[in-house]
Amino acid sequence: MIAVSKDGLVERLARSAAASAVLAALLYAAGLLYTGSGGSARDLLVKELLVNLILVLGLQVFIGNTGVLSFGHLAFAQAAAYGVALVSIPVATKARQLPDVPVGLGGVHLGPVAATIAGVAVAVVLGAVIGIAVARAGGLAATMITLAVLFVVDSSVKNWSQLTKGAGGLSGVPVLQGSGWLWLAALAALVVAHGFAESRRGRFAIATREDEVAAPALGIGLFGARYGAWLVSMVLVGLAGALRVQVIGSTNPKQYTLDVAVLLLAMLVVGGMRTVSGAVLGTVVITAGTEAFRQLGDPDRLDIDRFPDLFLGVALLAVMLLRPGGLLGDTDLQAWLRRRFRRPAGADERAAPQRSAVLSADGIGVRFGGFVALDGARVQVRPGEVVGIIGPNGAGKTTLFNVLTGLVRPTAGTVRLGERELTGARPEHVARAGVARTFQNLRLFANLPVRENVAVVALVAGQHRRGEPAVDVDALLAAAGLTGLADRPAGTLDYGNQRRLELARAAALSPEFLLLDEPTSGMSDDEGQAMVDQVRAMAAMVGAGVLVIDHDLAFITRISDHVVALAEGAIIAEGTPDAVRADPAVAAAYLGTEG
């Protein structure tokens, strides 16, 4: 079954625009109610909320979609703000504040639109350089890089007085009149955030957030996904910084401290960092709550010092204890629209592709320090063939799989797919070449719906395996018996259905070979027999050969055309299932007898 995708660019843009318009309309209505009975202070608070919303959406695009925590986004908003100030302050005013301003900026004066574009460009260019290190590092190292950037930019602004006037900041920036520009910018930021989540790059980034090992093994590069999210987030935080300075009319380092960065992160966490709707709700809740507690702590009322900080701490603590995923969790207007208006893919009846390449590994050696995990291991799988690998615990079966899929670099030997050598290739390159795998320990994208687990891998196939016909995602779900569970989060499935989903997800790559690591682990005999049928059915759908390892000798015997037996990292027997099962060396090593 070959899929003809109906979820095209127009549909994705329409969903993004619709979700953004609804959220913006709700915010606008709430803003009108709030400012209708108040003075200029309320207008200013709404403007502050809109600027913070754009900043938080920038955080959500990166942190929410990649799972990599960043404290440094505010530094790029600060760079944008100073960039706007330097090109928008009138020439005469600038001459008094910055008589020695470098690089010819003294004679530059731009209008608000051009100045905003210049500020965003500063943030994006600076972010593009720093983002290379952040996207490559990942995890805690990436977080520490962003924190260091926040401190470096802050120190640079305070000490480069010729350009920034030091800790006192810059003033005299022309102020934007009214709030229309802010509302349009907030709507645009919502569309960008929604659109990125709907895009191929955004969905890849979300997959890396869910599992940093499984995503590359299915063809998704960590660096590309994270770097794409980082650059888009730079556009949004740059826009927020450019607008903030034009709303206030001045900028100084106190607006971009670590305390402010933590406040913005709290907005993202409280609402729910994995969705745009959560980012919006968190911004509103924290902004409203902070303002309410600021007024309550006023000396004319309760006279409590730093009362807003108390609210912030209690709110964070309550959410972390009661709703670790945020107030909305994974509930999202855009996701609802995707489910509600999704059109099923059309399909034709073209046959599965005919393969000719052979997957082979020869003379594979792997050492971990002084331990020999593999010693001259070999295996060969032909198109349409099912090869099983058996052996006791510690025999090197999973290590061999990891060598074949690029997770472990061998110390000796070669891996080839047809004429293409894959020895030591990165996991995503192995997957894109046509080798997909499952894992001994389940590695699903647990927070994503069942259908998205399969669909995101089909996107990889569409981008990197264009010579292959894309399989029908819905047909794969049907073959796995998961159609009725398509909108359930993968992590909520029972164990057997999770195993079947992992198989369907691997098949969605339209691979030449499926590598299955103990697919019946923890299953009953009946479930194991059903898995035999499903493996053969899905392999036939995509025209893939199969290499499978399992402790269940009966399962290996039923499913395999050829069996390889491993013990202590070396091949001790291979041949037909019956011949290997009867081999005395296998009986001694695998069954624990002298046979």
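Reckoned from all heavy atoms, side chains included, excluding hydrogens, waters and symmetry mates.
- The residues Glu518 and Lys397 are annotated as not salt-bridged, no charged nitrogen and carboxylate oxygen being separated by less than 4.0 angstrom.
- Within a 6.0 Å radius of CE in Met144, no more than 12 heavy atoms belonging to other residues, nucleotides or ligands are found.
- With no hydrogens or angles considered, no side-chain donor-acceptor pair links Asp362 and Thr414 at under 3.5 Å.
- Residue pairs meeting the side-chain hydrogen bond (donor to acceptor under 3.5 Å, both in side chains) criterion with at least one member in residues 312-330, sequence neighbours excluded: Arg274-Asp330.
- Within a 6.0 Å radius of CZ in Arg426, no more than 12 heavy atoms belonging to other residues, nucleotides or ligands are found.
- Atom CZ of Arg367 is surrounded by 12 or fewer heavy atoms from other residues, nucleotides or ligands within 6.0 Å.
- Pairs passing the side-chain hydrogen bond (donor to acceptor under 3.5 Å, both in side chains) check and including a residue from residues 121-143, sequence neighbours excluded, do not occur.
- Rounding to the nearest 0.5 angstrom, the gap separating the OG atom in Ser70 from the CD1 atom in Ile130 is 11.0 Å.
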Taking only distance into account, with no hydrogens and no angle test, what donor-acceptor pairs under 3.5 Å do side-chain atoms of residues 403-410 form with protein atoms, sequence neighbours excluded?
| unit_1 | atom_1 | unit_2 | atom_2 | d |
| --- | --- | --- | --- | --- |
| Thr405 | OG1 | Phe401 | O | 2.9 |
| Thr405 | OG1 | Arg437 | NH1 | 3.1 |
| Arg409 | NH2 | Gly424 | O | 3.1 |

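- For residues 432-474, no residue pair satisfies the ring-ring contact (aromatic ring centres under 6.0 Å, His included) rule, not counting sequence neighbours.
- The list of side-chain hydrogen bond (donor to acceptor under 3.5 Å, both in side chains) pairs with a residue in residues 223-244, not counting sequence neighbours, reads Asn52-Arg244, His73-Ser233, Glu212-Arg226.
- Expressed to the nearest 0.5 Å, how far CG of Leu482 lies from CD of Gln498 amounts to 10.5 Å.
- Not counting sequence neighbours, the partners of Phe311 by the ring pair (Phe, Tyr, Trp, His ring centres under 6.0 Å) test are Phe293.
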